[in-house]
2 protein chains.
Amino acid sequence: MRPEDAAAIRNLPLFRDAQEETFGDLVRAGFLQRFPPGVVLINERDPADFLHVVVEGLVEMFATSEGRETTISIVRPVGTFILAAVLNDQVYLQSARTLEKSQVLMIPAEMVRAALGTDPAFARAVVTELARGYRRAIKEVKNQKLRSGAGRLANWLLREDVIQGASGVVNLGFEKRVLSSLLGMTPENLSRAFSTLRARGVAVQGAQVRLTDREGLVRFARPDLLIDSDE
Amino acid sequence: MRPEDAAAIRNLPLFRDAQEETFGDLVRAGFLQRFPPGVVLINERDPADFLHVVVEGLVEMFATSEGRETTISIVRPVGTFILAAVLNDQVYLQSARTLEKSQVLMIPAEMVRAALGTDPAFARAVVTELARGYRRAIKEVKNQKLRSGAGRLANWLLREDVIQGASGVVNLGFEKRVLSSLLGMTPENLSRAFSTLRARGVAVQGAQVRLTDREGLVRFARPDLLIDSDE
DNA sequence: CGACTTATTGATGGTAGTCAATAATGGTGG
DNA sequence: CCACCATTATTGACTACCATCAATAAGTCG
């Protein structure tokens, strides 16, 4: 692992306050692996063997049931996934696949659970991280139950614009097919939702989306801190 | 508080492994209050001041945005709510109101956070409980995104039947209006979903639902362990 | 370049939301 | 206990949103 990657992981909220020894143990026990795009890293229903940290690339968390599939979230560097399953020693609820060439650190679940007992600061960080994930999931339930497809897209665009520097140009980091699944609609419907937003100053050109009327889009989207904010 | 109530709370996964002292501190610092039906106990957007334990009665967790409202979950005795907001010292994402005459133990958030640091067993239980809540929320996202209204109703009925003793008779514990909101549809649509399920042996009579063709209902509902199971 | 995947657009059907009217239910006060 | 009233539940008609199917266009990658 490159030193700057180790530093980035160390700086994650989950590891920032951990003791040096705890962090060292976890990273030493972990495997850093490289994967090409499109590789399934974990399968729902499998027992949770590793905590995963996306060091580089892009990972899609998705779930299936009865032949249908939906994207739950996108994990960018440096982010972790499936902490909950690891902690309670359960099966994964979600599958994960790489969307790009990616580098993933895999830490044995047993090590994570052990560290919980020996490092109170780490335990506290785990609590914070879990609570954050829980609240994110509740927000997503609200997003799905209280908004239409176009509303979800509009709010996603506004949020993504801020994340990318509020330049008014959003770069979709992945295929529209994936975005549609993340937003809970079909690809066809996403196209139509984009058309609907054209009147609100949303101009799509390939993977680039220009927001030319932020005010108007906000009026339409009606962002809600209790759904769209990070905290 | 009646001794049997204290015992029931002590037996909650969240408190079962806590030290006697921790548990005593928390309960002594708490207020046990009685509320009539329809009282709003907490409001989304308010800072999280208390961890709530439903000792008796029934509490609806719900959320609003832009004039729309949806039920997120129903908390029965003995269950807790809004642990995540309490732990991270944040505002509530959900509101809570009593559906029946209820008795609620309110434990100051500060006490809970303090106990986290002094009682490792309690901290471990908090981690488990948070992970459980997180996974429940992810399952609800899957339920909403992967299933139709009638599918959600069918699976809810099957699950509720098991909870109530698998007698084939489900007693709705609250108004259909609330159930419809919990399942993510309008009351009118819930009525129609019940009609749809009549062909699958679902007979509604007021608050009682008789399942006369469990096999057929299962074939229609296609329950999924990764959505419908408790763990 | 050519084959394959992804994106868009149109046509159509189904699922769900809204509005309105009526029936059933439940709580309250007499 | 009953009558009354307010709320809830159901049903119908209509509309809006979304999924599916199909065809074409646009990218992408070997």
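For clarity, every value in this text was computed on a predicted model and none was experimentally measured.
- With A/N155 contributing its side chain and A/A221 its backbone, the two residues share a donor-acceptor pair below 3.5 Å.
- Two residues are said to be in side-chain contact when any heavy atoms from C-beta on lie closer than 4.5 Å; B/K142 and B/L226 meet this criterion.
- A/T98 places a side-chain N or O within 3.5 Å of a backbone atom of A/V39 that can act as its donor or acceptor partner.
- B/Q208 has its CD atom 18 Å from the P atom of C/dA24, to the nearest Å.
- For the 3.5 Å distance criterion, the side chains of B/S181 and B/E69 fail to qualify, holding no donor opposite an acceptor.
- Whole-Å rounding puts the A/L190 CG to C/dA7 C1' distance at 10 Å.
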Worksheet item: How does protein contact run along nucleotides 23-30 of chain D, one letter per nucleotide 5' to 3', with B for base contact, S for sugar-phosphate only, - for none, heavy atoms under 4.0 Å?
Response: --------
Item to complete: Would you check, one step at a time, whether the test salt bridge (charged side-chain N to carboxylate O under 4.0 Å, His left out) holds for B/D161 with B/R214?
Response: CA-CA 10 Å; B/D161 182 40; B/R214 202 158 211 293; 3.2 Å; yes
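- Counting only heavy atoms from C-beta outward, the side chains of B/I72 and B/F62 never approach each other to under 4.5 Å.
- Between B/Q144 atom CD and C/dT15 atom P there is a gap of 17 Å when expressed in whole angstrom units.
- Residue pairs meeting the salt bridge (Lys or Arg N to Asp or Glu O under 4.0 Å) criterion with at least one partner in residues 45-62 of chain B, sequence neighbours excluded, are A/D224-B/R45, B/R2-B/E56, B/E60-B/R97.
- A/L146 has its CG atom 12 Å from the P atom of C/dG17, to the nearest Å.
- More than 12 heavy atoms of other residues, nucleotides or ligands shown are found within 6.0 angstrom of CZ on B/R10.
- Defining each end axis of the helix from C/dC1-D/dG30 to C/dG30-D/dC1 as the rotation carrying four pairs' C1' atoms onto the next four, with five pairs an end, the two axes are found to diverge by 50° to 10 degrees.
- Using modelled atom types, one side-chain atom of A/S167 and one backbone atom of A/V169 make a donor-acceptor pair closer than 3.5 Å.
- In this structure, the side chain of A/T80 does not engage the main chain of A/V53 through any donor-acceptor pair within 3.5 Å.
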Give every pair of a protein N or O atom and an N or O atom of nucleotides 5-9 of chain D that lie under 3.5 Å apart, one pair per line with the distance.
| from | atom 1 | to | atom 2 | distance (Å) |
| --- | --- | --- | --- | --- |
| D/dT8 | OP1 | B/R177 | NH2 | 3.3 |
| D/dA9 | OP1 | B/K176 | N | 2.6 |
| D/dA9 | OP2 | B/R177 | N | 2.9 |

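- Put simply, the side chain of B/S102 gets close to the backbone of B/L58: a donor and an acceptor are under 3.5 Å apart.
- Taking atom CG of residue A/L197 and atom P of nucleotide C/dT8, one finds them 13 Å apart after rounding to whole Å.
- Evaluation of the side-chain hydrogen bond (donor to acceptor under 3.5 Å, both in side chains) rule for B/E160 yields B/R76, B/Q164 as partners, not counting sequence neighbours.
- Counting only heavy atoms from C-beta outward, the side chains of A/S180 and A/T186 never approach each other to under 4.5 Å.
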Could you list all N or O pairs between the protein and nucleotides 17-22 of chain D that sit under 3.5 Å apart?
| from | atom 1 | to | atom 2 | distance (Å) |
| --- | --- | --- | --- | --- |
| D/dC18 | OP1 | A/G149 | N | 2.7 |
| D/dA19 | OP2 | A/T186 | N | 3.3 |
| D/dA19 | OP2 | A/N189 | ND2 | 2.8 |
| D/dT20 | O4 | A/R192 | NH1 | 3.3 |
| D/dC21 | N4 | A/E188 | OE2 | 3.2 |

